Amino acid sequence: MADINPGEGLHYLDNAATTFPKPATVLQAAVHFCATACVNPGRSTFDLAMEAETMLDDCRASLSNFFGGSDPNRLVFGYNATDALNLAIFGTLRNGGHVVSTQLEHNSVLRPIAHCEDEFGAKATWLPFDSKGYIDPDDVSKAIQKDTKLVVVNHASNVIGTVQPVAEIGAVCREAGVTFLVDAAQSAGVIPIDMKSMNIDMVAFTGHKSLMGPMGIGGLCVADHVDIAHTRAGGTGVKSAVRRHLDEYPFRLEYGTPNMMGVAGLFSGVAFIADRGGVAKIHADEMKLAKVLWKALRETEGVTLYCAESLDSRTPVFSFNFDGTDPAQAGTRLDVDYNVACRTGLHCAPLVHEAIGTAPGGAVRFSVGPLTTLADVEAGAEAIQSLAAELRG
Ligand SMILES: Cc1ncc(COP(=O)(O)O)c(C=O)c1O
């Protein structure tokens, strides 16, 4: 592992897509588990299966605690945030009903809701964000109708980095008796989440971003008072004679053999966050580095930065364009000429780009992660200045 030199010379500023590199401890934990105990958890009577089950349950408890969940068994594992959002959205809207969501959403919310509209007669209200990139909780309150079953909000935008007031929105939902689902793909590990005090009913998370785990592991944390209908069924490893999928958690929302190597890595990712001083400290450190990029993006002539007037209430994710230049071409230049990795296009969030006026080409996105260095952001800032100067002619 020590011989591996990830992306040598590359300044990786695409952490909103996935954090890279991963901590060595995470890689070691995943490989160690795979080498020593990668058997089906708890489904047999031998000791090693019990050991695997213990690791799975310990990770469940650790993440449930991390999100302020009430019962570790209601923290269920799946592939990623997309998988968890599908479970939550289809499981809530499968008989139709009204859903309130926002124009900030990722396709992993937009598309499941579109399918629920087309296939189950659900109706959606998409709330706009203001010119700074925030949703007004009063708009959520006004949009709730008699048959509203669900409110879904993107906690931190993967395009413009704004962090939504989920505690205020949670209070509105609780008052109205509507289930509140938070897409925490971009916030888990970098913005604190407490389901109890924020009145959040379901948190969908992915392991491979700021939770620092491997790809292919994520999940849903569900509050005690919420029940999601079955939308899949299959093996649970227990009570095999029962005809239908089990109702009790965690089996209710887990299907088949879990990604145990992913769970082992994710468990270690959560420990990495604690070792680094916790979520708030990681966020503060990332924002310090992000400021270097932010200043360059704001101050460079010929660059337009979207919804980033201040560094408050945001993650270190910035979308921008070089005036008059196609973002995809700019991204290629940043990689080829400056060794800076970024993400261009619509970032799976077409409504955000429509709202900020960057559709259909989208924008260039820079994003910082826990293992980003000062050299990375300085290289990004220099690349912005140098490329903008060249493009200005
Ligand atoms: C806001 C948001 N939601 C959901 C997702 C989906 O995450 P995953 O691809 O891990 O399922 C992403 C991924 O970029 C995201 O940024």
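Note that the structure is a prediction, hence the values are computed from the model and not measured. Whatever order the structure lists them in is the order used to number ligands and atoms, beginning at 1.
Residue contact check for ligand 1: His208 places a non-hydrogen atom closer than 4.0 Å to it. Using 4.0 Å as the threshold, Lys209 has a heavy atom nearer than that to some atom of ligand 1. Using 4.0 Å as the threshold, Ser108 has a heavy atom nearer than that to some atom of ligand 1.
Taking both residues in full, the closest heavy atoms of His230 and Leu246 are given as CE1-O, 3.0 Å, listed atom of the first, atom of the second, then distance.
A salt bridge is defined here as a Lys NZ or Arg NE, NH1 or NH2 lying under 4.0 Å from an Asp or Glu carboxylate O, and Arg392 with Asp323 fails to meet this definition.
Ser101 has its side chain out of reach of Val151: every pair of non-hydrogen atoms, C-beta onward, lies at least 4.5 Å apart. Contact of the Tyr249 side chain with the Asp227 side chain is registered, since non-hydrogen atoms from C-beta on lie closer than 4.5 Å. Between Arg276 and Leu371, the closest side-chain pair of non-hydrogen atoms falls below 4.5 Å. By the 4.5 Å heavy-atom criterion applied to side chains, Asp58 and Phe267 are counted as neighbours.
Neither the backbone nor the side chain of Val109 comes within 4.0 Å of ligand 1, counting heavy atoms alone.
In this structure a side-chain-to-backbone donor-acceptor pair under 3.5 Å is missing from Gln103 to Val352.
Heavy-atom contacts of Asn154 reach the following atoms of ligand 1: 1 (C) (cutoff under 4.0 Å). Against a heavy-atom cut-off of under 4.0 Å, Ala185 is close to the following atoms of ligand 1: 2 (C), 3 (N), 4 (C), 5 (C), 12 (C), 15 (C). Under a 4.0 Å criterion applied to the non-hydrogen atoms of Gln186, ligand 1 contributes the atoms 1 (C), 14 (O), 15 (C), 16 (O). Contact atoms of ligand 1 toward Thr206: 8 (P), 10 (O) (distance under 4.0 Å to a heavy atom of the residue).
Ranking protein heavy atoms by distance to atom 3 (N) of ligand 1, first place goes to Asp183 OD2, 2.6 Å. For atom 7 (O) of ligand 1, the closest non-hydrogen atom of the protein is Ala81 CB, 3.7 Å. Counting protein heavy atoms only, atom 15 (C) of ligand 1 is closest to His106 CD2, 3.3 Å.
Ligand 1 has no nitrogen or oxygen under 3.5 angstrom from a nitrogen or oxygen of Leu85. At a 3.5 angstrom cut-off on N or O pairs, Thr82 counts as close to ligand 1.
In summary, the aromatic rings of His347 and His106 are positioned with their centroids too far apart to meet the 6.0 Å limit. For Phe20 and Tyr12, the ring centers sit closer than 6.0 Å to each other.
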